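Worksheet: one structure, shown below.
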Amino acid sequence: MSLLTPSDPLLDGLNPEQREAVEYRGPALLIVAGAGSGKTSVLTRRIASLIRGQEAWPSQILAITFTNKAAAEMRERAESMLGAATEGMWISTFHSSCVRILRREAENFGFTKNFTIYDSHDSRTLIKRIIKEHEADTYGLTVSGVSGKISRLKNELNDVESYARNASMSDPSERKFLEVYRTYTRALQSANAFDFDDLLAQTVFLFRAFPHVADVYRRKFRHILVDEYQDTNHAQYSLIHELTRETEDGLPGASLTVVGDSDQSIYAFRGADMRNIGEFERDFPGAKVVMLEQNYRSTQNILDAANGVISNNFDRKDKKLWTSIGGGEKIVGFTGYSAHDEAQFVVDEISALRAAGMDYNKMAVFYRTNAQTRALEEIFIRSALPYRILGGTKFYERAEIKDVLSYLVVIANPADTLAVRRILNVPKRGIGPATETQLQNYADQNEISLRESLRSADSLGFGPKVSGAISRLSSLLDEATALVELGSVGDVLAKLLEETSYTTLLRASRDAQDEARAENVDELLAVTKEFDKNNPDGTLIDFLTEVALVAAADDLDDASGTVSLMTLHTAKGLEYEAVFITGVEEELLPHRMSAGEPGGPAEERRLFYVGITRARQRLFISLAMSRAQFGQTNSALPSRYLQEIPAELMDWRQSPGNGAGFGSDGRGLSGSGRFGAGSGGYGRSGTSSESNGWGTTEGGWNSLEAAPRPKAEWANRITNKVRDNGDLELAAGDRIRHADFGDGSVSQVTGEGAKRVAHVKFDVAGAKKLLIKIAPIEKI
DNA sequence: AGCCTCACTGTTTTT
DNA sequence: CAGTGAGGCT
């Protein structure tokens with residue numbers, strides 16, 4: 001048992017439950033940790049107590065998180081408790097743990113240890129090519145459809161052959177899909193590459209196919225700790241199971257600790273299954289369960305709001321967060337006229353908080369979709385507030401960065417055809433599609449890689465210009481490869497940039513954006529040098545692995561004084577003194593795409609809950625009445641989740657219920673900035689059939705007509721059924737009747753499908769544009 | 001081969 | 001809106 005005494009600093013300040021979570025010893029422990037209940041602290045102290053009590057060597061500990069950031073934080077905390085005694089511990093994400101294992105074991109199953117990792121963009125590119133080659137698009141297969149399906153299959157551990165056994169071969173599109181899946185799998189194999197999902201799935205397959213290999217790791221890891229267990233998908237779950245199994249010669253399985261909170265499960269879309277945590281006790285009979293419900297982060301008001309919201313999810317174990325911190329300030333609500341107006345509110349409040357002494361890096365702004373950053377950014381820039389965006393279009397996804405990285409990939413893994421193709425004609429060197437196809441054919445016929453075929457340029461009958469270009473590329477790659485042995489990653493990259501003139505050419509371009517691209521490439525060069533400095537023994541492969549696995553929240557050093565902007569997903573696991581949740585509207589939160597998915601609205605509610613519980617002191621919730629999306633402005637309704645926050649907790653500066661209506665003349669932004677008080681309404685009342693009168697005036701402003709009639713406080717209460725005229729056929733000359741505008745005649749119909757717009761001349765109300773699908777109209 | 005323009009399309013969250 | 005693909009021109 002533990003050698004710790006009650007006064008040991010490891011147990012200092014812990015409540016009885018936390019303490020039990022640190023001290024319990026047994027084969028399986030589930031820590032149900034509500035938001036802000038100190039789970040990271042408990043987890044690290046648990047690790048520390050295992051080491052201090054000499055119950056385990058550091059190398060016997062495997063701690064798994066979902067993000068590198070969480071892993072880094074845990075490592076840091078463990079180091080501050082244990083110092084050098086953390087050496088040899090595996091504290092890393094699922095994905096990087098798997099890469100580590102796969103690199104060691106790749107030779108067992110037809111890969112080499114310098115395999116490439118394909119991000120989702122790479123796999124889409126590959127899938128796109130395969131769909132084209134197999135003319136699979138004529139069977140209705142799309143790139144996103146196929147890549148989504150393959151990803152789901154892999155997360156469920158269905159490889160091609162197991163899928164083939166179960167698929168219905170009578171369906172031609174199924175057959176075609178199988179063909180694509182099979183080709184894709186072979187392409188990955190021959191490119192010596194794994195996609196993201198493979199990293200997990202292949203590790204599981206490896207363990208299952210080679211029990212003696214699995215045993216090596218089972219013997220090694222005696223204590224396995226998993227964070228955010230509610231977000232594990234089937235592959236991750238199986239991986240944990242494989243690792244905690246008894247070895248062939250009877251060594252009992254490792255002790256397993258999982259931490260999670262089903263209320264914070266927000267990754268169902270990538271296969272996460274809450275049941276993994278719900279059924280933990282069934283999976284591990286005799287498991288100990290510890291509940292952490294005391295919250296050390298937020299004020300009671302914030303927790304009450306969070307509890308109010310989450311209690312609307314039914315299939316959950318009831319648990320209530322509580323705190324001894326006290327009530328705190330009310331939650332501030334604001335309804336903007338537009339996304340810009342909303343952003344202005346955010347900026348104003350941030351300035352006020354700053355003036356009151358709060359540092360910018362203690363504040364964060366959350367949103368549901370990355371697209372929402374646009375308006376926020378504009379206003380932040382205009383107001384000269386320092387901010388940083390976490391996630392979004394990632395540095396490593398930029399075309400110029402991928403180009404340059406592809407050179408490094410080709411050097412590390414010449415089998416990677418995708419990477420070879422990417423650099424073949426970048427920068428332009430006269431190797432076009434025709435040449436590429438010929439090279440590929442030659443490679444296929446001789447069963448060599450595309451990279452190898454470059455060496456035979458002279459004998460392929462190309463013109464002198466083309467074959468010269470190919471030979472030069474080939475020898476450049478050879479030279480750089482030779483340099484890998486001697487030089488650092490930075491040296492190799494510098495040489496490649498020098499020889500290809502990549503940045504020089506960008507700088508010579510007259511496209512202004514190319515200068516920015518050149519700077520990005522310079523930054524990448526700086527990154528490699530930084531890597532060389534921090535990892536004197538680091539290899540090119542190590543560098544590429546690190547780069548492939550960085551995530552949105554990872555590159556954040558929040559020491560600097562900036563406000564952080566991020567999606568609600570990225571926000572998980574973080575906390576801030578002041579939190580702004582923006583865009584709390586129907587169609588956005590819950591997102592329209594979630595409506596059709598089973599459990600969608602409940603998951604969106606959890607997302608909102610995650611956002612709320614990030615806040616320590618102050619919480620601001622805002623929405624906009626209209627929002628531009630896909631170049632069009634649409635009106636929006638308050639999110640259904642707003643009414644789940646007890647009204648007395650909120651202080652509405654500008655409420656969705658009694659906010660002013662605004663006229664169809666479209667004033668608003670220019671005037672007072674915020675629309676003034678007034679009656680009438682945002683949103684509508686009455687029966688569902690006349691709700692949602694999205695009209696578009698000829699002036700271009702999309703607006704809701706003021707609705708000077710009694711209404712429920714929450715306009716969206718009555719919109720559970722959205723009007724849908726999807727099938728309504730209209731043509732010029734038709735007479736229609738609108739719920740508000742009366743009768744009119746159609747002058748023109750534009751757009752397609754759901755975006756069909758009728759241009760209508762109303763007899764009294766004048767000319768309007770109406771979205772046919774949802775306008776309250778009927779043909780007469 | 002390489003450049004241009006035009007039209008079209010999907011339109012969430014991420015390791 | 002943004003990223004892509006086709007088609008036409010040099």
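Naming convention: chains lettered A, B, ... in sequence-line order (proteins, then strands); numbering from 1 in each chain. Remember, predicted model here, so these are calculated numbers, not experimental data.
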Spacing of [X] atom [atom1] relative to [N] atom [atom2], expressed in whole Å:
X: A:Asp197; N: B:dT15; atom1: CG; atom2: C1'; value: 9 Å
X: A:Arg398; N: C:dG3; atom1: CZ; atom2: P; value: 11 Å
X: A:Met593; N: B:dT11; atom1: CE; atom2: C1'; value: 6 Å
X: A:Tyr237; N: B:dT15; atom1: OH; atom2: P; value: 24 Å
X: A:Gln372; N: B:dT12; atom1: CD; atom2: P; value: 12 Å
X: A:Glu228; N: B:dT14; atom1: CD; atom2: P; value: 15 Å
X: A:Arg124; N: C:dA2; atom1: CZ; atom2: C1'; value: 14 Å
X: A:His121; N: B:dT14; atom1: NE2; atom2: P; value: 16 Å

Could you check whether [X] gets within reach of a base, just the sugar-phosphate, or nothing at all, counting any heavy atom under 4.0 Å?
X: A:Thr435; value: sugar-phosphate
X: A:Phe66; value: sugar-phosphate
X: A:Phe94; value: nothing

Side chain of [X] only, heavy atoms from C-beta on: which candidate in [options] is closest?
X: A:Lys132; options: B:dT13, C:dA6, B:dT15; value: C:dA6
X: A:Arg374; options: B:dT13, B:dC3, C:dA2; value: C:dA2
X: A:Thr570; options: B:dT14, B:dT12, B:dC3; value: B:dT14
X: A:Lys128; options: B:dT14, B:dA1, C:dG5; value: C:dG5
X: A:His95; options: B:dT15, C:dC1, B:dT12; value: B:dT15
X: A:Pro433; options: B:dT13, B:dT15, B:dA1; value: B:dA1

Mapping A:Ile266 and A:Thr142 to their closest nucleotides on DNA chain B, which lands nearer the 5' end?
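Per heavy-atom nearest nucleotide, the more 5' residue is A:Thr142.
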
With nearest nucleotides of DNA chain B determined for A:Ala434 and A:Leu200 from heavy-atom distances, which residue corresponds to the more 5′ nucleotide?
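By nearest-heavy-atom nucleotide position, the 5'-most residue is A:Ala434.
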
Side-chain contact, heavy-atom cut-off 4.5 Å: A:Phe115 with A:Val99?
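A side-chain contact exists here, since the closest heavy-atom pair is under 4.5 Å.
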
Side chains of A:Phe580 and A:Ser622: does their closest heavy-atom pair fall under 4.5 Å?
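Of all side-chain heavy-atom pairs linking A:Ser622 with A:Phe580, none is under 4.5 Å.
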
Side-chain N or O of [X] closer than 4.0 Å to phosphate OP1/OP2 of [N]:
X: A:Ser594; N: B:dT12; value: no
X: A:Asn425; N: B:dG2; value: yes
X: A:Thr369; N: B:dT11; value: no
X: A:Asn370; N: B:dT14; value: yes

Pi-cation contact, A:Phe177 with A:Lys149 (under 6.0 Å, within 45°)
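Yes, A:Lys149 and A:Phe177 form such a contact.
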
Would A:Arg270 count as a cation-pi partner of A:Tyr267, with NZ or CZ less than 6.0 Å from the six-membered ring centre and within 45° of the ring normal?
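The answer is yes, since A:Arg270 meets both limits relative to A:Tyr267.
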
For A:Asp263, is there any backbone N or O sitting under 3.5 Å from a side-chain donor or acceptor partner on A:Gln230?
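No, the answer is negative, given that no donor and acceptor are paired below the 3.5 Å cut-off.
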
Does the ring of A:Phe196 lie flat against the base of B:dT15, closer than 5.5 Å centre to centre with planes under 30°?
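Yes, A:Phe196 stacks on the base of B:dT15, since the ring centres sit under 5.5 Å apart and the planes are within 30°.
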
Nearest 0.5 Å, what's the CD-CD distance between A:Glu377 and A:Gln372?
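Spacing of CD (A:Glu377) from CD (A:Gln372) equals 13.0 Å.
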
